[in-house]
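Throughout, protein chains are lettered first and strands after them, A, B, ... in sequence-line order, and every chain is numbered starting at 1.
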4 protein chains.
Amino acid sequence: MKKEQIILKAIEILAKKGYANTTTRMISERAGIAVGSLYTHFKSKDAILDHIFQNEYKKRAVYIDHLKEKECKHIEKIGMFLDFHFDELGENRDLMTVLVRESANPELQHLDGVKEFTEQLPLFFKSILEKAMENGEIRKLNADLTAEIIFSTIRGTVCGMAAKSEIQELEKIKKELKKFINNAVKNQEEFK
Amino acid sequence: MKKEQIILKAIEILAKKGYANTTTRMISERAGIAVGSLYTHFKSKDAILDHIFQNEYKKRAVYIDHLKEKECKHIEKIGMFLDFHFDELGENRDLMTVLVRESANPELQHLDGVKEFTEQLPLFFKSILEKAMENGEIRKLNADLTAEIIFSTIRGTVCGMAAKSEIQELEKIKKELKKFINNAVKNQEEFK
Amino acid sequence: MKKEQIILKAIEILAKKGYANTTTRMISERAGIAVGSLYTHFKSKDAILDHIFQNEYKKRAVYIDHLKEKECKHIEKIGMFLDFHFDELGENRDLMTVLVRESANPELQHLDGVKEFTEQLPLFFKSILEKAMENGEIRKLNADLTAEIIFSTIRGTVCGMAAKSEIQELEKIKKELKKFINNAVKNQEEFK
Amino acid sequence: MKKEQIILKAIEILAKKGYANTTTRMISERAGIAVGSLYTHFKSKDAILDHIFQNEYKKRAVYIDHLKEKECKHIEKIGMFLDFHFDELGENRDLMTVLVRESANPELQHLDGVKEFTEQLPLFFKSILEKAMENGEIRKLNADLTAEIIFSTIRGTVCGMAAKSEIQELEKIKKELKKFINNAVKNQEEFK
DNA sequence: AATGAATGAGGTTTCATTCAT
DNA sequence: GATGAATGAAACCTCATTCAT
């Protein structure tokens, strides 16, 4: 599908240059089409980014629904979500860079896809944290804030670090990050 | 000093619009001077941002030097640095938003100030973590990666959350974040 | 006939937006066909307008021929022509708006249909005026100029006013305009 | 004044090509400046036309105020206004062409200058016609409609004819048009 | 005949930077 | 030092037209 082909090439450039420094001409050239042809597939430059975020949000929403029904400790689900996230990262580093960077771009908060992505995912973390607290799996904490912190930690880590690293490093980073978050929230009492 | 006046006003706009969507005209108007006058104080638009980052990096470097000589548990120093960071945030929210957002902007990585800011601070965390590990204050961890994770966590949290919140919320966020990081790195053994 | 269907829909849009602001896509969408299909019926966008003008010119030419053979005062023929014109206006307001507006568009003067429409109709008025003068039906006047004035008056009135008015107003406008023109040209002597 | 220089050159092109077919580049080139410089003087392409109409409306409004205070037959004032109009036409044919043509352009009706021009002038004719009727200077007629007809007649005549004619013809056209309008409205009774 | 994705020239507008005053 | 009009490259987007299906 041509539309997806454009998205793929757009992500490459967006990852490297950032949204504001990516021109429609760059995208069209990389995609091997005329500038005008971009507009037969997307209403505007914005719409390309929106499409990317919508897509990725949907993927995550589906996975989260799947997680919700899983029978395991709630807190493990955050680890699983991290796995999912890092798998994606392994497969498409540029995509993650774009998601992470532009989701913090103030000029793009009007896009539905971006809004969903930045608002819904923390809500997921929050609900997991709340259930894990009820179950005594983790220490008492402010679910709202901590959910945002986790979201931010993941976002920041991916942006600042993972994007620059070699593939073989990813596994190490993931392990470190999981341990980091796990310790951060876990119920210290059970060690006593 | 006129130069500092420009910086102050520039930060206000940069925080709200992002670097790419901030024009030199906006800055000059807000600063109450002519566009041309910007260029008697700064070589270019870039240079304004560079100046901001240089400034802030120096402030942190000074504080870090001061911390290094302090006699206390190494791990407490991260907490202190967080305090310092959040005090700044309380005083100048816009500034923090700019630092955090633009330090992740790929188009600005050529600026000396930005480079120092993003490279040197993790090095500081790393050195603290290493010493704290030697001292048995914290669990064994990959100092490199964890330093980056902490940097990213702070960066992400400020950008995604602190910037939007009311002042009275800041204290709560800071406490939550300190506990989060503290737990994440601390030596679980001591609970046994 | 498909061709006429396209014309009909094109007129609707042309009336509302003007030629330059009417796109081939708009026309094709309104006509319920693909853009490409426009070009199986018409050589170009221009050609659509040309076809409209050709059509309407022919209608008028036929009516004028019919008038020429009529046995009545010459000057009454202008009134009759006005009736014919306003009947058309009553039936298809959009069409009249297009004819009137685009016949004054300098970028369309190269179209045969447009040229005929703007050049031939005044000639008709002129010939009537000349005969009416010979017959002493009207005052002495410059037939050339007055013919143009009448044409312009009709054109201007339709464009500026008739197009905006309610249907029930049309009759009033027509009466007023006929009286206006009639008085303007009539032989004052006969009142003495 | 540079702004007026741009207007002058813009009018030349607008007269020849029409608004939609006049590009900002054409205007800037003819005015001997860079494209971007247009925008230091005008907010947009629209604004150039608006400026033209505002200007001309003001000129007419001033003259009309002057006419109102004149002591003479009301109906003579329309003749005077025609004189004023044709004097302008003699001095700047292109300007008149633009005023006349674009005042009928549906895509420009949102401009304040255009609105004033097309709405206020007929109101002036109307008020003259009403007073002239009270005074028995002219026959009984619908002042509203006739005012519009006169406005349209002038507009149409200028556009369709005067714009194309040689200067020496103008005087003839003006005389013919004055007589035309005069007869059209005058009180036939006085001839009895 | 009908389609509609693809084209690319060309439209309007923005903006960092310069320079004569 | 300060000014702000002028610059022109480059941004996003439109649209009449074509052509493979």
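- In this structure, B/Val98 and B/Phe53 approach most closely via the heavy-atom pair O-CZ, 4.0 Å.
- Note on C/Thr24: every side-chain N or O is 4.0 Å or more away from OP1 and OP2 of F/dC15.
- Using a 4.5 Å cut-off on side-chain heavy atoms (C-beta onward), D/Arg101 and C/Pro106 make contact.
- Residues forming a side chain to side chain donor-acceptor pair (under 3.5 Å) with D/Asp46 (at least two apart in sequence, or on another chain): D/Tyr19, D/His110.
- Rounded to an integer number of Å, the gap from NZ of D/Lys45 to C1' of E/dT14 is 17 Å.
- Among the duplex regions that DNA chain F forms, those built from at least three successive Watson-Crick or G-U pairs under 3.5 Å are E:2-21 with F:2-21, ordered by first number.
- Across all strands shown, D/Thr23 has heavy atoms under 4.0 Å from sugar-phosphate atoms exclusively, and none from any base.
- Nucleic acid contact for C/Ser28: none, since no nucleic acid atom lies under 4.0 Å from a heavy atom of the residue.
- By the side chain to side chain donor-acceptor pair (under 3.5 Å) test, D/Asn92 pairs with no residue at all, sequence neighbours left out.
- Partners of A/Ala20 according to the side chain to side chain contact (heavy atoms under 4.5 Å, CB included) rule, which considers only residues two or more places apart in sequence or in another chain, are B/Ala20.
- Partners of A/Gln109 according to the side chain to side chain donor-acceptor pair (under 3.5 Å) rule, which considers only residues two or more places apart in sequence or in another chain, do not exist here.
- Rounded to whole angstrom, the span from the CE atom of D/Met26 across to the P atom of E/dG11 amounts to 6 Å.
- In this structure, the CG atom of D/Asn21 is 10 Å from the P atom of E/dT12, given to the nearest Å.
- Inter-residue side-chain proximity for A/Leu14 and A/Thr97 is flagged as unmet; no heavy-atom pair is nearer than 4.5 Å.
- If you take NZ of B/Lys43 and C1' of E/dA16, they are 12 Å apart, rounded to a whole angstrom.
- DNA chain E lies under 4.0 Å from no heavy atom of any residue of residues 3-17 of chain D.
- With the nearest nucleotide of DNA chain E identified for both D/Ala20 and B/Thr22, D/Ala20 has the one nearer the 5' end.
- Taking 4.5 Å as the limit, every side-chain heavy atom of A/Val114 sits out of range of all side-chain heavy atoms of A/Glu102.
- Residues from residues 105-115 of chain A lying near DNA chain E, meaning a heavy-atom separation below 4.0 Å, are absent.
- With sequence neighbours excluded, no residue satisfies ring-ring contact (aromatic ring centres under 6.0 Å, His included) with C/Tyr57.
- Rounded to whole Å, atom P of F/dT14 lies 18 Å from atom CD1 of C/Ile27.
- Rounded to a whole Å, the OH atom of C/Tyr39 is 14 Å from the C1' atom of E/dA6.
- Separating the OH atom of A/Tyr19 from the P atom of F/dA11 is a distance of 13 Å, rounded to the nearest angstrom.
- Sequence neighbours left out, the pairs with a member in residues 9-30 of chain C that pass salt bridge (Lys or Arg N to Asp or Glu O under 4.0 Å) are C/Lys9-C/Glu12, C/Glu12-C/Arg30.
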Could you list all N or O pairs between the protein and nucleotides 1-5 of chain F that sit under 3.5 Å apart?
{"residue": "F/dA2", "atom": "OP1", "partner": "B/Lys2", "partner atom": "NZ", "Å": "3.3"}
{"residue": "F/dA2", "atom": "OP2", "partner": "B/Thr40", "partner atom": "OG1", "Å": "3.2"}
{"residue": "F/dA2", "atom": "OP2", "partner": "B/His41", "partner atom": "NE2", "Å": "3.4"}
{"residue": "F/dT3", "atom": "OP2", "partner": "B/Ala34", "partner atom": "N", "Å": "3.2"}
{"residue": "F/dT3", "atom": "OP2", "partner": "B/Ser37", "partner atom": "OG", "Å": "2.6"}
{"residue": "F/dG4", "atom": "N7", "partner": "B/Gly36", "partner atom": "N", "Å": "3.1"}

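- Residues that satisfy the side chain to side chain contact (heavy atoms under 4.5 Å, CB included) test with A/Glu56, not counting sequence neighbours, are A/Lys59, A/Arg60, A/Glu88, A/Leu95, A/Leu99, A/Phe117.
- If you take CD1 of D/Ile48 and C1' of E/dT12, they are 11 Å apart, rounded to a whole angstrom.
- Within 6.0 Å of atom NZ in B/Lys43, 12 or fewer heavy atoms from other residues, nucleotides or ligands are found, so the atom counts as exposed in its surroundings.
- For A/His41, the side chain to side chain donor-acceptor pair (under 3.5 Å) criterion is met by no residue, not counting sequence neighbours.
- Side-chain contact between C/His51 and C/Lys3: present, with at least one pair of heavy atoms (C-beta onward) separated by less than 4.5 Å.
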